[in-house]
Amino acid sequence: MGMARSFHMPGRHGGTHHAAPPPGGRGGRASRAVLICLLLLLAPPSVGGAAPDDRPLVVGAYRNAPKIIVDDADHPTGFFPDLMRELSVRAGHPIRFEICEWRTCLQRLEEGRIDIMPDVAFSEARAARFQFGKTPALYSWSYLYTRPGGIVGGLAELDGQRVAILADSIQETKLREFSQEGGWTIETVRTASHAESFAAVGSGRADVAIVNHLFGERMEADSGLIRAQFVFNASALYLAFAPDIPRSLVDEFDSLLARLQSDPHSPYFDAYEKWFEAASVRVPDWLRALAAVGIVILLSALVSGVVLRRRIASATKALRHSTSKLQEAQRLARLGDFSWNVDTGEVEWSNGLRRLLEYDENDEITFETVAEGIHHPDDAERIMAWIQRGIAEGATSMGPAVYRLVRKTGEAIWVETNIEIAREAAGRTVIFGTCQDISSRIEMEQALLEAKVEAEQAARAKSVFLASMSHEFRTPLNAIIGFSEVLQMSANDRLTAKQHEQLSDIQTAAHQLYALVNDVLELTHAEQIDFHIAPVPSSLRQCVEEALAQVRFLAASRNVAIVNRLDEEGEILCRIDPIRARQVLVNILSNAIKYNRPDGRVVIDLGETRPDRVRIRVSDTGRGIPESMYGSIFDVFSRLEGDPFLAGEGTGVGLTIAKNLVERMGGDIGVKSVVGEGSTFWCDFPKI
Ligand code: ADP
């Protein structure tokens with residue numbers, strides 16, 4: 001029958017198994033425990049108070065390490081010898097140990113030749129043979145061991161197996177009970193020690209060994225046996241006394257034991273720690289391997305620690321270097337940065353910004369500093385509204401914004417600010433921004449603006465001057481032309497041939513000058529800033545027709561044939577100012593006729609260009625233009641060498657005006673030519 005007394009069932013943990021201490025905790029001072037043990041060992045067993053009959057109490061000691069260890073000199077150590085010596089001192093009863101085998105020890109105890117046996121599990125049968133105290137001295141359980149591939153499941157697997165077990169041990173009793181209850185057939189191989197049980201399984205004499213857990217834990221690593229994954233017969237171990245020992249002595253030991261167990265600092269726990277926690281902790285192979293790996297890891301950690309420290313040091317140095325470079329760059333670029341937590345009002349300025357605004361490193365920068373003193377009064381409202389709008393619209397980055405900040409000294413500077421708006425997880429809005437001092441750029445821009453205004457005013461004045469002068473030229477020129485014609489008609493007969501020639505020269509020069517004045521007036525007009533051009537969807541074909549109508553007379557007079565290939569095209573719609581476009585075409589067409597050879601030809605057609613444009617080409621069969629002049633002929637008063645200025649062929653202004661007009665309409669003009677064969681002028685107009 002089972003144990004009536006209840007006790008704590010120890011558990012497994014951390015891969016190492018310990019005897020569970022009794023309730024009450026345990027002390028942690030192994031050194032003191034060792035000292036006590038030494039003192040006890042040194043004390044002669046016979047010294048002390050008297051036994052019942054004035055002789056030392058005989059304590060049975062059988063080999064069961066680490067509970068009881070017997071050395072070569074038959075000197076017992078271990079947990080129970082330590083405990084018994086401590087109890088002996090406390091009880092004032094000297095003890096001596098008698099070494100025997102388990103079974104013999106029990107027999108001698110029954111016979112009274114041994115007075116006390118520690119390490120005895122309680123059973124009804126034993127209670128009939130010995131006396132037990134009420135306090136367990138230790139808790140214990142057993143393990144099952146097999147050769148590899150043996151029992152893994154439960155106790156029922158013992159059925160039909162040969163089990164090596166310590167003869168007359170509580171394990172044997174329990175095994176018998178279990179097998180009877182389960183109806184199993186078990187062949188027991190009875191042994192004198194747990195070591196013999198292990199050997200029996202190792203040699204194949206038995207299939208299973210059932211041994212105390214403390215023995216198992218110590219020896220399993222070297223045994224080559226495998227432990228089943230369950231415990232067997234967890235039990236409490238008591239001091240058993242011979243039947244004839246006075247009950248008072250049993251009770252005395254019992255209460256001393258209880259007192260020791262109730263004090264976590266008592267020698268009981270010293271002994272427990274010494275034998276079960278320190279001495280019994282066997283280092284399994286895997287733990288050794290792990291430790292080796294650990295050492296390697298530790299060493300490599302140390303080495304990599306050193307390397308890491310070096311790397312950190314060099315990275316820190318590099319960081320410092322780049323930070324100082326950055327600061328230097330910020331200083332040179334007159335740049336600073338800031339962050340502003342919109343929700344908490346926290347503001348941070350970089351050293352760069354402090355330098356820019358001439359604040360010391362120690363000056364405290366708060367939201368108030370920014371709100372009240374930093375923004376220029378004329379810009380503050382605009383800039384805060386800009387930021388608020390960005391936040392409200394969920395923008396993540398904004399800028400650049402150009403506005404003024406006021407230095408601590410009161411001086412205003414222009415800054416260009418870019419910001420990033422971050423929404424943090426906590427719902428906070430943080431603005432990070434950079435401010436660059438652009439005062440000198442703004443000054444330069446303002447100077448340029450002023451210069452531009454001045455230049456425009458000067459240009460306008462020049463235009464006004466030229467326009468009025470041209471106008472003033474035309475009146476006397478008209479008079480010269482008019483009166484020279486009158487003179488030619490009225491005094492025709494009286495003029496000599498020489499005078500006729502001179503009068504003709506006057507007329508030609510006057511017409512030439514008149515044309516020049518007109519062109520200059522036109523150019524002046526075209527260059528005026530407020531010269532109005534109104535591009536509208538227009539038919540390019542119609543423009544060409546109208547321009548041709550204006551030059552047909554000239555073409556006929558030079559006997560130049562005109563071929564208009566646009567007739568073969570469909571409607572061509574462009575966004576142009578039709579009057580100005582026609583003016584351009586008249587100029588190009590009249591040049592193509594003027595600078596053509598007699599009986600030459602002018603062809604008008606379309607050319608290849610960008611898809612958003614229409615290219616109209618005017619090709620002639622004239623003398624051509626050298627490539628070096630392609631650009632310059634569009635400059636004002638630029639003419640090819642040998643052009644007869646005084647012969648009234650041109651002024652060198654027409655192409656300048658044409659280029660100006662085409663570009664103002666969003667188009668382009670150019671030329672390609674083969675000297676001696678002819679030229680092709682092209683005009684690109686925006687297509688619809
Ligand atoms: P203008 O014809 O009144 O002299 P333009 O500005 O129209 O002024 O032309 C500038 C010069 O370019 C002309 O004087 C002429 O030398 C040259 N040029 C223009 N068109 C042609 C052409 N189709 N063939 C040869 N030369 C030309």
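Every number for a ligand or one of its atoms is a count from 1 in the order of the listing.
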Presence of salt bridge, R404 and D379, under 4.0 angstrom: yes

Full working for side chain to side chain donor-acceptor pair (under 3.5 Å) between R474 and N518: CA-CA 8 Å; R474 271 203 268 197; N518 275 346; 2.8 Å; yes

K452/E456 ion pair, N-O < 4.0 Å: yes

M629 near ligand 1 by a heavy-atom separation under 4.0 Å: no

Parallel, tilted or perpendicular: rings of F367 and W340 (30°, 60°): parallel

Per-atom contacts of ligand 1 with R623, taking only distances under 4.0 Å to non-hydrogen atoms: 16 (O), 26 (N)

N/O separation below 3.5 Å, G654 to ligand 1: yes

Part of D519 with heavy atoms under 4.0 Å of ligand 1, whether side chain, backbone, both or neither: neither

Which segment of N587 sits under 4.0 Å of ligand 1 when only heavy atoms are counted: side chain

Derivation of the side chain to side chain donor-acceptor pair (under 3.5 Å) call for E450 and Q446: CA-CA 6 Å; E450 281 163 19; Q446 274 173 349; over 6 Å; no

Contact check: T656 vs ligand 1, nitrogen or oxygen atoms, below 3.5 angstrom: no

Close side-chain approach of T609 to V614, heavy-atom, < 4.5 Å: no

Residue V653 vicinity, atoms of ligand 1 by number, heavy atom under 4.0 Å: 6 (O), 8 (O)

Geometric N/O contact G652 with ligand 1, under 3.5 angstrom: yes

Within reach of ligand 1, part of I625 (heavy-atom separation under 4.0 Å): side chain

R664 and D577 ion-paired at < 4.0 Å: no

Test applied, side-chain contact (heavy atoms from CB on, under 4.5 Å); reference residue, F681; option that passes from L589, N587, V671: V671

Heavy-atom nearest option to atom 6 (O) of ligand 1, drawn from L516, L655, V675: L655

Those atoms of ligand 1 less than 4.0 Å from some heavy atom in F681: 20 (N), 21 (C), 22 (C), 23 (N)

